[in-house]
Amino acid sequence: MITREQIATVLDHPVHDARGDKIGDARHVFFDDVTGEPEWVSVRTGLFGTSESFVPIHDAALVEDHLEVPYAKDQVKDAPNVDIDAGGHLSEQEEQRLYQYYGIDWDATWQDDHSGTGQAPGTTGTAGRADDAMTRSEEEMHVGVERREAGRARLRKYVVTEEQQYTVPVRHEEVRVEREPITDTNRDSAMTGPDITEAEHDVTLYEEQAVVETRAVPKERVRLSTEEVTEEETVSGEVRKERIETEGTDEQGDQRRRP
């Protein structure tokens, strides 16, 4: 059971269920009017912490930096909504309704906690007042967004082979036989050798060939980046509203008379 000295450690700290799942954060602690002991803790739940559920603190335990209650998360979140007056007081009827929801015997619990006090079952809070008005409540929808993983993108580099053709000019040498008649100009050169003999003369021929050479040349840099795109998405949900109708009175509240 949580003591009064531990209240400061409980408030605004996480509240976990029996399985260790976080339910929400502790908002308020309510004390029994008779014994002065902590009896209820309100837990902020919902997407933005806008809902507040009551859970018994009698069997709760302070574990490290959070409060642990022996109830399931869904059970706490679905606890009935209760009205608290201006003084932060939980009425006896509302407290009985919560006890019934959590399956706690109201009479047995009161006998254990209030025996010897000589007082009627205490209500929870700081002050109580009589009120003959009825409070009408309704649920409001609060819509938010959550970030989740939608997919993955990857860069992968691989090698392909392409056939390319280029036309380049290549040159080669060919043999051409040139004959010139004996003239006074070349007669001396022609007569330097023997009259009749055998002889050979070689000429080396050259040609050009196309040569293919490849080298790696950087062409571009590729990277992945992300950008946020905002789209409109419509969501729908159900909200509950309370309606109050009268019996025995007209629309203005005047009592109807029988003819």
Side-chain angles (χ1 to χ4, degrees), residues 1-46 49-63 66-139 240-244:
M1 181 176 180
I2 302 302
T3 63
R4 297 181 69 93
E5 291 74 16
Q6 294 175 309
I7 299 303
T9 309
V10 172
L11 294 178
D12 295 324
H13 280 71
V15 178
H16 292 198
D17 65 4
R19 297 176 53 185
D21 296 330
K22 181 180 179 181
I23 303 173
D25 295 323
R27 179 63 174 170
H28 299 99
V29 173
F30 292 78
F31 300 88
D32 189 280
D33 284 349
V34 178
T35 65
E37 296 296 331
E39 189 164 358
W40 298 94
V41 60
S42 64
V43 183
R44 288 177 296 188
T45 61
T50 53
S51 300
E52 199 163 343
S53 301
F54 279 75
V55 59
I57 202 173
H58 186 275
D59 295 323
L62 194 61
V63 181
H66 67 271
L67 184 69
E68 189 171 292
V69 296
Y71 302 100
K73 177 179 180 179
D74 291 339
Q75 183 180 9
V76 175
K77 294 178 68 175
D78 294 337
N81 294 326
V82 296
D83 294 330
I84 298 182
D85 60 25
H89 193 274
L90 183 65
S91 69
E92 180 180 337
Q93 291 75 21
E94 298 286 17
E95 189 174 18
Q96 286 183 353
R97 189 154 69 101
L98 287 171
Y99 269 113
Q100 183 179 5
Y101 174 76
Y102 284 104
I104 302 175
D105 190 338
W106 162 267
D107 294 327
T109 301
W110 180 82
Q111 290 294 335
D112 293 339
D113 295 343
H114 305 84
S115 59
T117 62
Q119 301 184 36
T123 55
T124 305
T126 58
R129 62 180 176 88
D131 191 357
D132 57 1
M134 182 180 295
T135 301
R136 185 184 69 84
S137 302
E138 62 182 51
E139 296 177 337
R240 297 178 298 173
K241 298 182 178 180
E242 296 177 341
R243 293 287 186 262
I244 298 177

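Just so it is clear, the model here is predicted, and its values are computed rather than measured.
Scored by the salt bridge (Lys or Arg N to Asp or Glu O under 4.0 Å) test, R240 finds E139 as partners (sequence neighbours excluded). Residues satisfying the ring pair (Phe, Tyr, Trp, His ring centres under 6.0 Å) test with Y101, not counting sequence neighbours, are none. For the side chain to side chain contact (heavy atoms under 4.5 Å, CB included) test, residues two or more places apart in sequence or in another chain that qualify with E68 are V63, H66. Under the side-chain hydrogen bond (donor to acceptor under 3.5 Å, both in side chains) criterion, Q75 pairs with no residue at all, not counting sequence neighbours. Residues meeting the salt bridge (Lys or Arg N to Asp or Glu O under 4.0 Å) test with R4, sequence neighbours left out: none. For Q6, the side-chain hydrogen bond (donor to acceptor under 3.5 Å, both in side chains) partners two or more places apart in sequence, or in a different chain, are T3. Partners of E138 according to the salt bridge (Lys or Arg N to Asp or Glu O under 4.0 Å) rule, which considers only residues two or more places apart in sequence or in another chain, are R136. The salt bridge (Lys or Arg N to Asp or Glu O under 4.0 Å) check on E37 picks up nothing, with sequence neighbours excluded.
Taking the six-membered ring where the residue is Trp, F54 and F30 present tilted rings, their angle falling between 30° and 60°.
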Distance-only donor-acceptor pairs under 3.5 Å for side chains of residues 8-15, two or more places apart:
residue	atom	partner	partner atom	Å
D12	OD1	R44	NH2	3.3
H13	ND1	T9	O	3.1
H13	ND1	L11	O	2.9

Listing, residues 22-29 side-chain donor-acceptor contacts under 3.5 Å, not counting sequence neighbours, or none:
residue	atom	partner	partner atom	Å
K22	NZ	D25	OD1	3.4
H28	ND1	E52	OE2	3.1

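Put simply, the side chain of Y71 reaches to within 4.5 Å of the side chain of V76, judged on heavy atoms.
Screening D17, V43, T45 against K77 for a side-chain contact (heavy atoms from CB on, under 4.5 Å) leaves a single residue, T45.
Remark: Q96 CD to I104 CD1 distance equals 12.5 Å, nearest 0.5 Å.
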| request: Could you walk me through whether I57 and V69 pass side-chain contact (heavy atoms from CB on, under 4.5 Å), step by step? | output: CA-CA 7 Å; I57 202 173; V69 296; over 6 Å; no
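The backbone N or O of N81 sits less than 3.5 Å from a side-chain atom of R97, completing a donor-acceptor pair.
Across every non-hydrogen atom of I7 and F31, the tightest pair is CG1-CZ, 4.2 Å.
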